[in-house]
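Below you'll find the structure, written out as structure tokens, and then a few comments.
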Amino acid sequence: MSKRIQHFLSLKDLSSDDLIKIISRAIELKKDKFKEGYEPLKNKTLALVFDKSSTRTRVSFEVAMTHFGGNTLFLSPRDTQLGRGEPIEDTAKVISSMVDLIVIRTHEHSEIELFAKNSSVPVINGLTEKFHPCQLLADMMTYIENKGSISGKKVCWIGDINNMCNSYINASKKFGFELSVSCPKDIIEKKKPVDEIDYYENPIDAAKKADLIVTDVWTSMGDENSSSHDKKFSNYQVNNSITMHANKDYVFMHCLPAHIGEEVSQEVFESNHSVVWQEAENRLHAQKALIEFLMKKE
Ligand code: CP
Ligand code: NVA
């Protein structure tokens, strides 16, 4: 492919300035949710190639395209020849020759990289086992809406070293916040984080003076076979005994779906500190701004 296409496979694909611009635009789009006559993606099609379940990612991208006057195609492995072994390279060439933008949710990150390499249109990561960058756009937007700039703040991640944790590691560099990570020691040894981290075995130490506490499920999609994975995390539930060490006005986030009583207590999940519903809704606004940004680059 001769033309440089702007993909969004991880936060590393965009500069800090561009990420901040996207979030500011998302906040603007949220105010004017459904501007009449504004149809920047009229006659454009977004394909959603999803190999894993999704509520938020699918709905937010589909609604984003409706707001922008465009169309979507939802393709599960049962619908396409990908599910019957057609190579990723060939599938990418064919789908991208007909649509304008592609969101992929899959297992291995190398699969989305291969798809993007063979695509003639921008590819967005809708979640891989390694990263979930769209969720971070919504999380950063939600923090900024509630508390202003996140630069210089302390974020505490308690939980598995998974796609969300790795995306927070990338975000700490892009948005300039301090990140502390806490999980069982053998998890950190088994699942290598994508970059160096400030690691604490004791979640209380990690949560001290945190402005934002984030967690996620102990078992991610595709990770179900890690035997006794959940038991290892029993001391890592985000509950009041941990959050009492955070800053008084800390914010709690979770990308959802949540397993209340496992990674987070009901008390914290339903507390005034929790912004999980705003965070979920912001997927729509943040991705509208992302789509606009990527399509403008085209
Ligand atoms: N947070 C998130 O990506 O949710 P879904 O799996 O429902 O898309
Ligand atoms: N870490 C979770 C996130 C779900 C949105 C998973 O990959 O299943």
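The one candidate from V49, T128, V103 that meets the side-chain contact (heavy atoms from CB on, under 4.5 Å) condition with I112 is T128.
Ring pair Y168/W157 is tilted by interplanar angle, where 30° to 60° counts as tilted. Between Y236 and F233, the two ring planes are perpendicular [angle over 60°; tilted spans 30° to 60°].
For the pair E224 (side chain) and G222 (backbone), a donor-acceptor distance under 3.5 Å is present. Looking only at distances, no side-chain donor or acceptor of E267 sits under 3.5 Å from a matching main-chain atom of N239. Of the possible polar contacts, none joining the S119 side chain to the F115 backbone as a donor-acceptor pair under 3.5 Å is found.
The two residues S167 and L11 come nearest to each other via the heavy atoms O-CD1, 3.6 Å.
Heavy-atom neighbours of K173 NZ from other residues, nucleotides or ligands within 6.0 Å: above the threshold of 12.
A distance of 13.0 Å separates NZ of K154 from OG of S172, quoted to the nearest 0.5 Å. The OG1 atom of T80 sits 11.5 Å away from atom CG of L73, with the distance rounded to the nearest 0.5 Å.
Annotation: cation-pi geometry not satisfied between R58 and F50 (NZ/CZ under 6.0 angstrom from ring centroid, within 45° of ring axis).
Salt-bridge formation is not detected for the pair K191/D186: no Lys NZ or Arg NE/NH1/NH2 atom is positioned less than 4.0 Å from an Asp or Glu carboxylate oxygen.
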